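Quick notes on the structure that follows.
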Amino acid sequence: MAMESGISGTGGVFTFLAALSLALAWWWYHLGAPGRRPHTRTEKSTFLFTVMTLAIPGLSLIWGDGQNGLAAHLVAAAVPTVGLALYLVMRWRR
């Protein structure tokens, strides 16, 4: 999909790594910040789901043949986005 849109493979990998780094940096910030409440099991599970689903389009980008349609790529991008949004809402609900 990235190559069909005129984005190089290197740009796609960079974007994937930036998204993964953002999610992991947010996690580590909340672990070490003073005064923050500990993560609940639900928050930990949601974050693990988010990181694992973020890897799916990344693996497809690196080793995939690019034959999936636009709908498959949009779903692969939307699932981790929704997971990260859900995690952030759970962290800020209190």
Side-chain angles (χ1 to χ4, degrees):
M1 179 68 188
M3 291 178 193
E4 294 170 4
S5 300
I7 301 170
S8 68
T10 306
V13 170
F14 176 74
T15 303
F16 163 68
L17 291 176
L20 186 61
S21 298
L22 175 68
L24 292 176
W26 190 266
W27 173 264
W28 284 110
Y29 171 76
H30 277 278
L31 282 180
R36 297 276 183 184
R37 65 177 174 79
H39 284 84
T40 63
R41 292 182 78 170
T42 306
E43 292 167 348
K44 289 178 185 177
S45 300
T46 303
F47 187 77
L48 179 63
F49 171 78
T50 298
V51 172
M52 289 174 57
T53 57
L54 184 60
I56 293 169
L59 293 173
S60 175
L61 176 69
I62 295 170
W63 288 291
D65 56 2
Q67 297 301 319
N68 294 335
L70 178 61
H73 289 289
L74 290 176
V75 168
V79 170
T81 303
V82 169
L84 187 59
L86 183 63
Y87 167 75
L88 293 176
V89 166
M90 285 192 296
R91 284 302 294 169
W92 278 329
R93 68 176 176 191
R94 294 182 188 171

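Scope of the values below: all heavy atoms of this structure, side chains included, with no hydrogens, waters or symmetry mates. Just so it is clear, the structure is predicted and the values come from calculations on it, not from any experiment.
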Handout entry: Same cluster (ILVMFWY, side-chain, under 4.5 Å), Leu48 and Val82
Key = no

Practice task
Using a 4.5 Å cut-off on heavy atoms from C-beta on, say whether the side chain of Trp27 contacts that of Glu43.
Solution key: no

Problem - CG-OG1 distance between Leu20 and Thr50, expressed to the nearest 0.5 angstrom - result: 11.0 Å

Practice task
Consider only side-chain heavy atoms of I, L, V, M, F, W and Y, link residues closer than 4.5 Å, and tell whether Phe49 and Leu22 are in one cluster.
Solution key: no

Problem - Stepwise side-chain contact (heavy atoms from CB on, under 4.5 Å) test for Leu24 and Phe47 - result: CA-CA 9 Å; Leu24 292 176; Phe47 187 77; 4.1 Å; yes

Problem - ILVMFWY network linking Tyr87 to Trp28, side-chain heavy atoms under 4.5 angstrom - result: yes

Problem - Pairing residues for Leu86 by the side-chain contact (heavy atoms from CB on, under 4.5 Å) criterion, not counting sequence neighbours - result: Thr46, Met90

